[in-house]
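Letters A, B, ... are given to chains in the order of the sequence lines, protein chains preceding strands, and every chain is numbered from 1.
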Amino acid sequence: MGRRSRWLGVLALACSVAVAAVVSNSALSADQSQAVPATLPAGVPFTTTPPPDIASLKPAKNTPTSVEDLKDIQARVEAVVKHMLPAVVAISIRSNDQIEQGSGVIVSKDGYVLTAGHVSGTPGTKLVIILSNGTAVGGVALGANTQIDSGMIKIDTDQYPADYPFVPMGDSTRLAAGQWVVALGHPGGYQGTRPPVVRIGRVLRTPSSVHGDRSRGNTPYIRTDCELIMGDSGGPLFDLDGRLVGINSRIGEDISANIHVPIDTFEQSWRLLADSKVSKGDTDGLLGLPKGPGRAQASSQGSHGSLGAIVAADLRITQIFDGGAAEKAHLNPEDVITKVNGKPIKTLDELKDILGALSPGKSVNLEYRRGGHASEASVTLLPADNQ
Amino acid sequence: MKDSPSATFPRWLVFAAAMLAGAGLMINSLVRAQSPFNPGDSKTAYAVQASFASVVKRASFSTVRVMVEDKGEERKAALGTIISSDGYILTKASEILHLPRVFVRLAKPSGTYDAKIIGVSESMDIALIKIEAKGLTPVEFADTRPAPAATPAGRGRRGLFGFGGVPRPTTPVVVPKVIEPAEPPQGAIAVNVGEWVATVNAGASEGTDLPPAYVGVVSTVRRKIYASTDSHILGVVPEEQSNKVASVVPKTGAESAGVKAGDVIVSVDGNEVHNLDDLHRVLAGYEIGDVATVQIQRGKENLNLRIVVGTAPEEVDPEMQMLSGDVSRRSTNFAAVYQHDSLLRPEDCGGPLVDIDGHVLGINIARAGRTESYAIPADLIVADIDLLKSGQLAPPASKTGKGQGK
């Protein structure tokens, strides 16, 4: 197929099977409470605390220089695998004649599952979640960010009630190059009797080192040498404290090109994902807003209420929602809003004030900068619950 | 992919164009996936390998380089594991069979030594060869006998066809718990998922200390690897959502038994089959070689055919190959393996794999894909050494020169 040569750079890791054939926490980290956003959807139990069995082990050095050092790494890797493997899942979605398979990880006892956006796909899609002991349950896709490739799923706990095993969340902004990490997933798709498969590796590029260059499309990601292949999409990447720091996303041809979505992007857009929103654009805009209750307020009202976008403090659009007003007006992430209805604006508050006074159905003329060029668009505001 | 051709069955690893189409969004935004990094930060950094040097030192005196002459040229074929002081060596059979000359390089006494193949174990793909030498250092295998329930019984492979594939959701939900590794038998050592493993370099050939060739961790539980990662199949391709045969796969039990397109599969050993899902579920309980009595309706006739459950023919997708790099020519059909994530090269199979304490856990037998390498556990090897020496497992007669057994 002539198409093949174009895809050599990067390949997403969900795998699909044709149907005629058918068929399926450390001593290293500092203050934990700072690492975790304080705002979460109500009712989602959430932890950053790894099991004491892991926290009490000797820290692991990035560059071992002795067998002792190697044994310290080994002890942590074995402990992380032992405690976290129960929460690693395989995900199976049937659509038409295909079965798409990927992996995921449970992050709360009521069955929220993090995965890759290209695995969970369209919100509302029904899918099968296979627990690490081979038990299958049903679930549904929630939201996704298609640019970063984050996705969220909810196990249907009405039909499949249980206290699900879950993993503690970490802080991907604290990752350092050379740090040991462990990836799990179902390479090649789910195989009965084969539990999730472990790969060890080290962080080669951290999200901040990748994201430093803000040019178009360069969203933050983690690169490691944990070898991944199709089927591993959506599976977890853990640090040696046993905290979730990334979600497997895609690979390049080189054996060391294994790409994971940073967990912070999930944490920042948690509300959007849980509310089944599909968006694109990086989540950095939310960093412009204060952590804590203030941020929750800002993100749940106002700036994206009827525009269908998230706008950062510097008036840069950071996320565009599918089907929202901004998307219909052909606005893009990274566009910087300069004027509203001819009036120059300098702060996000000014933008919110103007938009907040307008009812759905009203149009505004937005002037914006894209790349070096000035442009404008007429945006018809939609009702907030249309997003 | 509804009309999958009957002539070729893709391995589970073959991905439909649909997958790539779904990946369309990703490619533009991640062109920078090949961003540069500091090699000292990788798991293959020299500093990491060097820290294993003392771990592999002992076994390296029992590890040799095995060479072959192939089409007039000499090349590396495998590593070898010395098991006697007078020159019995174990290595990977499929890399050395049907070639005009197999030989081993030694440092002490220095030279090349022609090898004779004494025996071949099909189930392990291990060959016993013999060179005429003295004073070699035989390897000490660890006792790797697993706890009785440790090796999973059953399929361990995924469904292209016929395999149970994706289980059905069930209630009540049995939630996974943290698994404490089982105690191995008295005197045996445990091999835990997540533990370090190191591939020993050919110290006996180089005459010097070498760091390990590769390091990695044990990736999953010890398990059997089937002849093909495809499933058990009868060899029928049904029409969509039905139990009517659209086509029959060549070289399968269904073809041999005379199944024809248009036949309707009514039941398999009494289990009713209405569609492909039913067929999968039923066949999940079968082993390769089992004979199933399949009730067929052909027009007005009712037939009972005895069909041997087999495997789909192997096919390698070029794209998967590209992403996997070099894999061994035989990477399936092993009685049991330890799977690890070392970046083992095919020509470096056949030598010992050790744990962090230097225990020889087994012999590397294959690089099977981008994410997996396999080693045959020591206890299985030890159990067959006498048989290999006896001459009863002398190598198969050469046919086409390909190293594959059956």
Side-chain angles (χ1 to χ4, degrees), chain A residues 7 9-12 15-16 18 20-24 63-65 70-71 74 77-78 81-83 86 92 97-98 118 128 131-133 135-138 146-147 160 162 165 177-178 187-189 191-195 197-202 204-205 217-218 225 227 229-230 250 252 257 259, chain B residues 1-2 4 9 12-13 15-16 18-20 22-23 25-35 37 41-43 47 51 54-55 152 154-161 164-169 171 173-178 192-196 217 219-220 237 276 280 325 341 356 370-371:
Chain A
W7 303 104
V10 159
L11 278 166
C15 70
S16 68
V22 166
V23 156
S24 313
T63 304
T65 54
L70 293 172
K71 287 187 174 181
Q74 174 173 282
V77 170
E78 288 186 20
V81 168
K82 183 174 121 167
H83 287 279
S92 179
D97 277 354
Q98 301 278 349
H118 72 272
V128 173
L131 309 178
S132 59
N133 61 358
T135 308
V137 297
T146 54
Q147 185 171 339
Y160 304 98
Q191 286 186 31
T193 76
R194 187 193 69 175
V197 176
V198 178
R199 269 65 46 86
I200 195 172
R202 295 170 77 187
L204 301 177
R205 298 270 286 181
N218 201 15
D225 51 13
E227 306 102 52
I229 202 146
M230 283 73 159
R250 62 208 91 184
I259 307 297
Chain B
M1 295 300 283
K2 165 167 89 154
S4 197
F9 261 73
W12 62 265
L13 287 180
F15 295 107
M19 186 281 283
L20 296 179
L25 284 174
M26 312 309 168
I27 199 169
N28 289 329
S29 60
L30 276 198
V31 170
R32 286 171 206 267
Q34 310 273 9
S35 48
F37 61 91
D41 289 334
S42 78
K43 67 175 175 178
S51 58
S54 62
V55 171
R155 303 304 162 269
R157 58 170 142 164
R158 107 191 24 74
L160 219 255
F161 210 102
V166 176
R168 277 160 192 259
T171 51
V173 179
V174 179
V175 162
K177 305 247 182 293
V178 170
N192 298 324
V193 178
E195 73 170 55
W196 286 118
V217 295
S219 289
T220 189
V237 182
L276 199 47
H280 285 172
D341 66 351
I356 196 66
R370 180 177 171 111
T371 62

S.K.: Which heavy atom of B/Val173 sits nearest a heavy atom of A/Thr135, and at what distance?
M.R.: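 Answer, listing the atom of B/Val173 first, then A/Thr135: CG1-CG2, 4.4 Å.
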
S.K.: Name the region of B/Ser54, side chain, backbone, both or neither, that has any atom closer than 4.5 Å to a heavy atom of chain A.
M.R.: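 Only the side chain of B/Ser54 comes within 4.5 Å of chain A.
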
S.K.: What residue, out of B/Asp41, B/Val175, B/Val178, B/Val193, has the most heavy-atom pairs lying under 4.5 Å from chain A?
M.R.: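 Heavy-atom pair counts peak at B/Asp41.
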
S.K.: Testing the basics here: between B/Trp196 and A/Ile200, what is the closest heavy-atom pair and its distance to 0.1 Å?
M.R.: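 Looking at all heavy atoms of both residues, the shortest contact is CH2-CD1, 3.8 Å.
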
S.K.: Heavy-atom cut-off 4.5 Å, strictly under: side chain, backbone, both or neither for A/Val197 against chain B?
M.R.: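 Answer is both: backbone and side chain atoms of A/Val197 are under 4.5 Å from chain B.
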
S.K.: For chain B, which of A/Arg199, A/Lys71, A/His83, A/Gln74 has the most heavy-atom pairs under 4.5 Å?
M.R.: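 Answer, by heavy-atom pair count under 4.5 Å with chain B: A/Gln74.
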
S.K.: State plainly whether the residues B/Lys43 and A/Glu227 are in salt-bridge range, i.e. N to O under 4.0 Å.
M.R.: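 Salt bridge between B/Lys43 and A/Glu227, a charged N being under 4.0 Å from a carboxylate O: yes.
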
S.K.: Kindly give the heavy-atom pair with the smallest separation between B/Thr220 and A/Pro195, and that separation in Å.
M.R.: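 That would be OG1-CD, 3.5 Å.
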
S.K.: For a quick test of reading the model, state the closest non-hydrogen atom pair linking B/Pro169 to A/Tyr160 and the distance between them.
M.R.: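 Smallest interatomic distance, heavy atoms only, reads CB-OH, 3.2 Å.
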
S.K.: What residue, out of B/Ser51, B/Gly194, B/Pro176, has the most heavy-atom pairs lying under 4.5 Å from chain A?
M.R.: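 Maximum pair count with chain A is reached by B/Pro176.
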
S.K.: Could you check B/Arg370 against B/Asp341 for side-chain contact (heavy atoms from CB on, under 4.5 Å), going step by step and ending with a plain yes or no?
M.R.: CA-CA 9 Å; B/Arg370 180 177 171 111; B/Asp341 66 351; over 6 Å; no

S.K.: At a heavy-atom separation under 4.5 Å, does A/Ser132 approach chain B through its side chain, its backbone, both, or neither?
M.R.: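 For A/Ser132, heavy atoms of backbone and side chain both lie under 4.5 Å from chain B.
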
S.K.: Pick one of side chain, backbone, both or neither for A/Val81, based on which atoms fall under 4.5 Å of a heavy atom in chain B.
M.R.: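 Interface part for A/Val81: side chain.
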
S.K.: Heavy-atom pairs under 4.5 Å with chain B are the metric here; pick the option from A/Val128, A/Leu70, A/Thr63 that has the most.
M.R.: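 Max contact count across the listed options: A/Leu70.
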
